[in-house]
Amino acid sequence: MKMKKMLIALLAIILTPSISFAGPKAEVLHWWTSGGEAKALKVLKDDFAAQGGTWLDMPVAGGGGDAAMQTLKTRIVSGDAPAAAQVKGPTIQEYDDQGVIKPYNIDAVAKAENWDKLVSKQVARHMKCNNFTQYCAAPVNIHRIDWFWANKKVLDSNGIKMPTTWKQFNAAADKLKAAGIIPFAHGGQPWQDATVFEAVALGIGGNAFYKRAFMDLDPTALGGSTMQKIFDQMRKLKSYTDPGSPGRDWNVATGMVMDGKAAFQIMGDWAKGEFSAKGLKPGVDYICSPTPSKKGYLYNVDSFIFYRVKGADKLEGQKLLASLIMGKNFQKVFNMYKGSIPARLDVSMADFDACAKKSNSDLNAASKAGGLLPSYAHGMALKGAQAGAITDVVTEHFNSNMSSKDATAKLVAAVKASQ
Ligand code: BGC
């Protein structure tokens, strides 16, 4: 009898590796490689490992994710989709249209955990495929784009208050320039030009204008006198940059503000992740303040999309990852490092800093005022080709002597050709 039991146990040991699965596994493609970004992502990696998951890291450096999106496209075309990738906005549904996501492995997790109740309708819609009926992506956060970041000491020692209008900004920048300080730390890469451009457009054009131009692609908004004023302000901003700006990475520009080499940067609140990673504090070392607008708020929801994959380990990996991403504590800790605010509505903001609290209260106010708008520059408002057409013109104008009038006409033509 004893012998028989031992034999069975022995057989179980021998057979186990071939009949069990090796545990959840996920290859994750992302572009979070800066100091603050990597620190935030580590929270997810550690959570995944703690649950027995094997994480295969696939980082593709490059702010804004342009390089990562190219790599991803190549992988998808060659039929080699990663289990999860950092993808957001309408690109999620574009991938669904290509048939590479179905059968929506994570939808069961979303249903079981009641995600529809945990995030706003607006955020939920971005995460859904199959005609917005099934979850195929999980949201990690809400980033705000339209922010000024400023070095407090530089402003104080030059007698400058945080500007609340573009006119005030220009006056402050003129003063700083005369004092030999770089007024505007800018990384001259197309996505960063676009980031600045949409913030300027929101301020000068207003919420309704932004919607007409960058969501509805209305040619009268794209080609009118308001757009010319927006390009005028872009030209001003260019004059406040330093000669080293072209090609510079966004986090290097943030570093210039940290070090007091430059006064301001316009960037989404992932910039705050850099300040935080260096132990700097808002209101003490730096100031965050929305760029001028009337209750406008340009948002960007980072999310992970889950492609169709084969193998129990990968399928379990996707489910585990989706569930962890939507975890309440994960959303808190991750976003404290990342600079964003939680996508989940039930996470208390009590332990967040003043910038995050402002982001959260401004989001609610903007939502009521019709000013909660998806960022075109960060892939939330338009399909890739249309957003790309706008950014090409913005960059060409920013890096040449093109007149605002010509840029506006070019914009209308480029958008038309992209449709
Ligand atoms: C993403 C952020 C990221 C930033 C810079 C944005 O498009 O939403 O998560 O930190 O690009 O790479």
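We count ligands from 1, going down the list as the structure has it; atoms in each ligand are counted the same way. Keep in mind the model is a prediction, meaning the values are calculated, not measured.
- The Asn300 neighbourhood of ligand 1 comprises atoms 1 (C), 6 (C), 7 (O), 8 (O), with distances under 4.0 Å to a heavy atom of that residue.
- Of all the atoms in ligand 1, the ones that sit under 4.0 Å from a non-hydrogen atom of Trp250 are 5 (C), 12 (O).
- A salt bridge does not link Asp97 to Lys383: none of the charged nitrogens lies less than 4.0 Å from a carboxylate oxygen.
- Remark: ligand 1 and Gly62 share no N or O pair separated by less than 3.5 Å (distance only, no angle test).
- Interface atoms of ligand 1 facing Gly63, defined by a heavy-atom separation under 4.0 Å, are 12 (O).
- Between the Glu274 side chain and the Gly36 main chain, a donor and an acceptor come within less than 3.5 Å of each other.
- Contact between Gly64 and ligand 1 is present, with at least one heavy atom of the residue lying under 4.0 Å from the ligand.
- Between Trp32 and His30, the angle of the ring planes lies from 30° to 60°, which puts this pair in the tilted group.
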Assess whether side-chain hydrogen bond (donor to acceptor under 3.5 Å, both in side chains) is satisfied between Asp218 and Thr220, documenting all intermediate values. CA-CA 6 Å; Asp218 175 351; Thr220 57; 2.7 Å; yes
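- Each of the following atoms of ligand 1 lies closer than 4.0 Å to a heavy atom of Glu37: 3 (C), 4 (C), 5 (C), 10 (O), 12 (O).
- Between Lys261 and Asp242, none of the side-chain N atoms (NZ, or NE/NH1/NH2) sits under 4.0 Å from a carboxylate O, so this pair counts as no salt bridge.
- Among all non-hydrogen protein atoms, the one lying nearest atom 9 (O) of ligand 1 is Asp302 OD2, 2.6 Å.
- Comparing heavy-atom distances from atom 2 (C) of ligand 1 across Lys338, Met380, His378 singles out Lys338 as nearest.
- Between Ala381 and Phe214 the shortest heavy-atom distance is CB-O, 3.7 Å.
- Heavy-atom contacts of Lys88 reach the following atoms of ligand 1: 1 (C), 6 (C), 7 (O), 8 (O) (cutoff under 4.0 Å).
- In this structure, the ring of Phe398 has its center no less than 6.0 angstrom from the ring center of Phe197.
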